[in-house]
Amino acid sequence: MSVLVFIALPVVSGAISRRVVIKKKGLEWFKDKYNPVVGKISIVALLLTLIILFSFEGKTILSNPLLVGYLALPNLIHYAIMIAWTYPLGYFLGWKYESAIDTTIIGSSSHFEVAIAVAVTLFGIGSGAALATVIGPLFEVPLMLSLVKLGLRTRSIFRGKN
């Protein structure tokens, strides 16, 4: 059931809607009008998925808060290591600021959307694996926002880079 709801339904819906919209309105309209609206809907759908997962795991989180720490620690270590070496590496390799910050954001991300889909598909919505993927966004979102702030404050050091 999880595979159908979280993977098959969105993929099939996306494929059908893409074909129908392009056939009726054209590729430009699809890119300029349809995609931005659907992009906003997909963000809401992702947030709804997180809320559903949190509701299934709420009892576990509240009864065992130390578990949250155990699940969060590897993610925090991952973020710290990836940010600490990727952003400076971009500078020392002579990358433009935009390339360095993009690479750092992508490299340090845990891609929790994919992790959630895989965990729910393989182990079910109430599994420990699903719980582990729900904990990620609790830390990833504030860390990514902090990384953007760091990038904005330090972008001037990249001036003159090719």
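Note that the numbering runs from 1 along the sequence shown for the chain.
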Chemist: For Ser17, enumerate each residue passing the side chain to side chain donor-acceptor pair (under 3.5 Å) test, keeping only those at least two apart in sequence or located in another chain.
Modeler: Tyr34
Chemist: How long is the span from the CG atom in Leu71 to the CG atom in Asn64, to the nearest 0.5 Å?
Modeler: 9.0 Å
Chemist: Can you run down the ring-ring contact (aromatic ring centres under 6.0 Å, His included) pairs that involve residues 60-84, sequence neighbours left out, and say none if there aren't any?
Modeler: none
Chemist: So, using side chain to side chain donor-acceptor pair (under 3.5 Å) as the criterion, who are the partners of Ser13 when residues are at least two apart?
Modeler: none
Chemist: Does Ala84 have any side chain to side chain contact (heavy atoms under 4.5 Å, CB included) partners at least two apart in sequence or in another chain, and if so, which?
Modeler: none
Chemist: Would you please name every residue forming a side chain to side chain donor-acceptor pair (under 3.5 Å) with Ser109, sequence neighbours left out?
Modeler: Glu140
Chemist: Just jot down the side chain to side chain contact (heavy atoms under 4.5 Å, CB included) partners of Leu89, sequence neighbours excluded, or say none.
Modeler: Trp85, Leu93
Chemist: Please report the shortest heavy-atom distance between Ser108 and Thr104, naming the atom on each side.
Modeler: OG-O, 2.7 Å
Chemist: Are Tyr91 and Ile105 co-members of a hydrophobic cluster defined by side-chain heavy atoms under 4.5 Å apart?
Modeler: yes
Chemist: Identify the two heavy atoms, one from Leu147 and one from Ile101, that lie closest to each other, and give their separation to 0.1 Å.
Modeler: O-CD1, 3.9 Å
Chemist: On a heavy-atom basis, which atom in Ala100 and which in Trp95 lie closest, and how many Å separate them?
Modeler: CA-CE3, 3.8 Å
Chemist: My understanding is that a hydrophobic cluster links ILVMFWY residues whose side chain heavy atoms are under 4.5 Å apart, including indirect links. Using that, what else belongs to the cluster containing Val20?
Modeler: Val12, Ile16
Chemist: To the nearest 0.5 Å, tell me how far Ile83 CD1 sits from Ser146 OG.
Modeler: 8.5 Å
Chemist: Rounded to the nearest 0.5 Å, what separates atom CG in Asn35 from atom NZ in Lys40?
Modeler: 12.0 Å
Chemist: List for me each residue that meets side chain to side chain contact (heavy atoms under 4.5 Å, CB included) alongside Ile77, sequence neighbours excluded, and say none if there are none.
Modeler: Leu73, Ile81
Chemist: Taking only residues two or more places apart in sequence, or in another chain, which ones meet Ile22 in a side chain to side chain contact (heavy atoms under 4.5 Å, CB included)?
Modeler: Arg18, Leu27, Phe30
Chemist: Do Tyr87 and Phe92 have their ring centres less than 6.0 Å from each other?
Modeler: no
Chemist: When hydrophobic residues are tied together by side-chain contacts of less than 4.5 Å, even through go-betweens, does Val148 share a cluster with Leu143?
Modeler: yes
Chemist: What pairs meet the side chain to side chain donor-acceptor pair (under 3.5 Å) rule with one or both residues in residues 20-30, with sequence neighbours excluded?
Modeler: none
Chemist: Rounded to the nearest 0.5 Å, how far does CD1 of Ile106 lie from CE of Met82?
Modeler: 11.0 Å
Chemist: Is there a side-chain contact between Tyr97 and Leu152 in this structure, where contact means two heavy atoms from C-beta onward sitting under 4.5 Å apart?
Modeler: yes
